[in-house]
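Treat the numbers as computed from the prediction; the structure is a model and nothing was measured.
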Amino acid sequence: MKNTKIMVTLLSLILISIFLFSACNPRNSNLKYPSMDMKDEIICTFENANLYFYANYAWTSHAVFDLVCQEELKPEDLSLSADIKTPMSFAFSKIPEPERPISEEGEKEEKAPIPLPYYVFQSYNNFDFAKYYELYCKALKSGGIPIDGKPAKTTPESIAYDEYGDIFYKDYIKITKDILPHLFTYQCTLAFDMNRIPLDKNEVINEVILTIKGKEYKIPLNIVLDYITPKDFIEEGIEMIYPSSSGSSICPNIDGFMTPPGGNFSTLSDIKITGVRLLNNEMSIEKTTFTVSDENGMSINQTFKPGASLEIAANSIVIPRVTIRDPSFVNKLIYSTSATVIIDYICEGKNFSTYYEATMRTRANSFELFASKIDGIDFFPYYYEYLFNFQD
């Protein structure tokens with residue numbers, strides 16, 4: 001009898017322990033979560049870099065990339081080298097841990113775990129983003145999505161959209177930082193001084209060696225330092241306002257499209273734009289529009305077509321928007337590139353040109369990078385089947 005009571009007591013304690021563990025355990029055994037260990041690997045967003053820097057167009061000649069690892073680094077722990085004659089410098093800084101995500105209502109999601117975005121957790125668990133977008137379209141058509149300042153109605157379609165989007169949310173908000181891998185993210189800058197030692201031929205970098213605490217990592221890429229291409233035009237009648245941008249964010253795109261920022265200029269005289277072209281022939285221009293604001297503040301958007309011309313009055317502010325297709329960008333979650341856009345124009349009967357430069361790169365969240373590179377999670381459904389539909 002005594003042994004029976006002991007057995008019952010032990011069984012009760014085991015059941016209570018299982019209950020308490022289940023109640024406190026933030027992991028749902030039916031779902032997938034990030035693994036905890038990078039196995040001494042690193043994630044470097046410099047891979048797939050496809051950058052061209054021109055000595056004669058040197059608004060900018062530096063590249064920016066992110067490094068993700070599981071240890072904190074000091075300046076003496078990290079170095080980068082490449083087999084070139086062009087002087088270069090390397091610097092890095094720690095990126096602060098991301099804040100809590102912002103909800104659609106513009107408020108911080110206080111229950112959301114730091115720093116794992118919800119779309120990353122959805123992707124771990126094979127969320128159907130194509131279906132989610134279909135539900136969004138139905139909700140939008142029913143008036144269940146706010147648009148143009150109009151408040152949303154509660155409709156069966158909007159309820160279905162919200163419910164499907166939240167199928168993992170109850171488990172998501174239970175995630176605590178202690179069950180996530182501890183990641184350190186650093187922003188690194190590699191700058192080239194193409195004016196210090198003029199060269200008579202181009203240099204090509206196919207690989208850089210990143211050394212972290214004595215261990216070498218070889219990063220394949222393509223960087224062309226162009227000393228040959230001449231700048232065979234002059235600029236008159238305008239004043240460049242925004243000649244360059246560095247490290248601008250681009251989003252994975254199913255067609256390899258991107259729009260380099262910059263190029264804003266003011267007109268000092270009447271001009272006629274006659275052409276828009278790229279210095280790098282590996283890319284192509286898909287579409288060009290100009291937003292022209294006159295001295296009275298009136299603005300108009302005009303599409304520019306090859307072979308046509310566009311007349312712009314003096315004292316105008318001109319903002320170009322050039323959509324570029326880069327075949328090397330297709331199906332790349334991690335990518336860096338550069339573009340030099342040349343605008344040809346006529347002023348007072350003479351031909352002139354101006355140009356602007358931009359370096360661009362994808363900027364995935366560190367947990368998205370970890371999920372993709374370490375855990376093999378596919379994020380193209382999120383970008384191509386959902387987010388891509390909201391890009392203009």
Side-chain angles (χ1 to χ4, degrees), residues 42-69 73-95 185-233 235 240 242-250 260-262 278-283 326 328 334-342 355-363:
I42 65 166
I43 301 171
C44 177
T45 64
F46 218 13
E47 66 175 72
N48 301 327
N50 188 29
L51 297 160
Y52 284 73
F53 297 117
Y54 299 89
N56 296 313
Y57 293 76
W59 284 122
T60 181
S61 56
H62 65 273
V64 180
F65 63 96
D66 293 336
L67 172 67
V68 181
C69 60
L73 301 176
K74 300 176 182 178
E76 60 267 24
D77 296 330
L78 193 63
S79 64
L80 186 144
S81 61
D83 185 17
I84 55 172
K85 295 179 180 178
T86 302
M88 66 179 189
S89 59
F90 175 69
F92 78 100
S93 60
K94 185 178 178 181
I95 298 176
T185 307
Y186 301 89
Q187 179 173 287
C188 306
T189 302
L190 181 61
F192 303 98
D193 189 348
M194 299 180 69
N195 295 317
R196 191 193 304 179
I197 305 176
L199 301 178
D200 57 4
K201 63 179 181 179
N202 297 341
E203 291 198 296
V204 179
I205 306 173
N206 294 316
E207 178 184 84
V208 295
I209 297 176
L210 189 63
T211 303
I212 302 176
K213 292 186 174 181
K215 184 176 181 179
E216 292 186 350
Y217 299 87
K218 295 181 179 181
I219 312 297
L221 40 67
N222 178 58
I223 298 179
V224 177
L225 305 177
D226 187 307
Y227 289 90
I228 305 301
T229 302
K231 181 173 174 286
D232 54 0
F233 57 80
E235 173 187 301
M240 185 59 70
Y242 191 178
S244 68
S245 63
S246 178
S248 300
S249 178
I250 53 176
L278 299 172
L279 207 55
N280 181 357
N281 292 326
E282 294 179 2
M283 302 176 176
D326 182 354
S328 298
I334 299 175
Y335 191 65
S336 300
T337 191
S338 58
T340 301
V341 181
I342 300 175
Y355 73 99
Y356 65 98
E357 294 178 324
T359 59
M360 299 159 284
R361 65 189 183 105
T362 54
R363 291 193 173 190

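We find the OG-CD distance between Ser61 and Glu357 to be 8.5 Å, quoted to the nearest 0.5 Å. Once rounded to the nearest 0.5 Å, the distance linking CZ of Arg363 with OG of Ser336 reads 9.5 Å. In this structure, Ile228 CD1 and Asn202 CG are separated by 5.0 Å, a value rounded to the nearest 0.5 Å. The CG atom of Leu73 sits 9.5 Å away from atom NZ of Lys94, with the distance rounded to the nearest 0.5 Å. Once rounded to the nearest 0.5 Å, the distance linking CD1 of Ile219 with CG of Leu80 reads 8.5 Å. To the nearest 0.5 angstrom, Ile223 atom CD1 is 4.5 Å from Ile205 atom CD1.
By the 4.5 Å heavy-atom criterion applied to side chains, Leu210 and Leu78 are counted as neighbours. By the 4.5 Å heavy-atom criterion applied to side chains, Thr362 and Thr45 are not counted as neighbours. Using a 4.5 Å heavy-atom cutoff, the side chains of Phe92 and Leu67 are not in contact. Ile42 has its side chain out of reach of Val68: every pair of non-hydrogen atoms, C-beta onward, lies at least 4.5 Å apart.
Tyr242 meets the side chain to side chain contact (heavy atoms under 4.5 Å, CB included) test with Ser245, Pro261, Asn264; sequence neighbours excluded. Taking the salt bridge (Lys or Arg N to Asp or Glu O under 4.0 Å) definition, one finds that Glu47 meets it with Lys373, sequence neighbours left out. Ser328 meets the side chain to side chain contact (heavy atoms under 4.5 Å, CB included) test with Asn50, Asp326, Tyr335; sequence neighbours excluded. Annotation: side chain to side chain contact (heavy atoms under 4.5 Å, CB included) contacts of Ile342 (sequence neighbours excluded): Tyr57, Phe233, Arg277, Leu279, Asp344, Ser353, Tyr355. Contacts of Asp77 classified as salt bridge (Lys or Arg N to Asp or Glu O under 4.0 Å), with partners at least two apart in sequence or in another chain: none. Residues satisfying the salt bridge (Lys or Arg N to Asp or Glu O under 4.0 Å) test with Asp226, not counting sequence neighbours, are none. Here Ser338 pairs with Leu51, Tyr52, Thr359 under the side chain to side chain contact (heavy atoms under 4.5 Å, CB included) rule; sequence neighbours left out. The ring pair (Phe, Tyr, Trp, His ring centres under 6.0 Å) check on Phe65 picks up Phe46, with sequence neighbours excluded. Legend: residues meeting salt bridge (Lys or Arg N to Asp or Glu O under 4.0 Å) with Lys231, ordered by chain and number and at least two apart, are absent.
When all heavy atoms of Pro230 and Asn56 are compared, the closest pair comes out as CA-ND2, 3.9 Å. Residues Ile197 and Lys85 come closest through the heavy atom pair CD1-O, 4.1 Å. Pairing each heavy atom of Pro220 with each of Lys218, the nearest pair is CD-O, 3.5 Å. Nearest heavy-atom pair across Cys69 and Tyr186 is SG-CE1, 3.9 Å. Taking each heavy atom of Met283 and Ala339 in turn, the nearest pair found is SD-CB, 4.4 Å. Closest of all the heavy-atom pairs between Ser246 and His62 is OG-NE2, 2.9 Å.
A donor-acceptor pair under 3.5 Å is absent between the side-chain atoms of Arg361 and the main chain of Ala63, judged by distance alone.
Every pair passing side-chain hydrogen bond (donor to acceptor under 3.5 Å, both in side chains) that includes a residue from residues 206-217 is listed here, sequence neighbours excluded: Glu71-Lys213.
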Using atom types as modelled, flag every donor-acceptor pair under 3.5 Å from a side chain in residues 187-196 to any protein atom, sequence neighbours excluded.
| from | atom 1 | to | atom 2 | distance (Å) |
| --- | --- | --- | --- | --- |
| Asp193 | OD1 | Asn195 | N | 3.3 |
| Asp193 | OD1 | Arg196 | N | 3.3 |
| Asp193 | OD2 | Arg196 | NE | 3.3 |

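The environment of Asp232 atom CG is dense: over 12 non-hydrogen atoms of other residues, nucleotides or ligands sit within 6.0 angstrom.
With Glu203 as the partner, the side-chain contact (heavy atoms from CB on, under 4.5 Å) test is satisfied by one option alone out of Asp83, Leu225, Val224: Leu225.
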**Item:** CA sep, side-chain torsions, deciding dist, call: Asn280, Thr340, side chain to side chain contact (heavy atoms under 4.5 Å, CB included)
**Value:** CA-CA 7 Å; Asn280 181 357; Thr340 301; over 6 Å; no

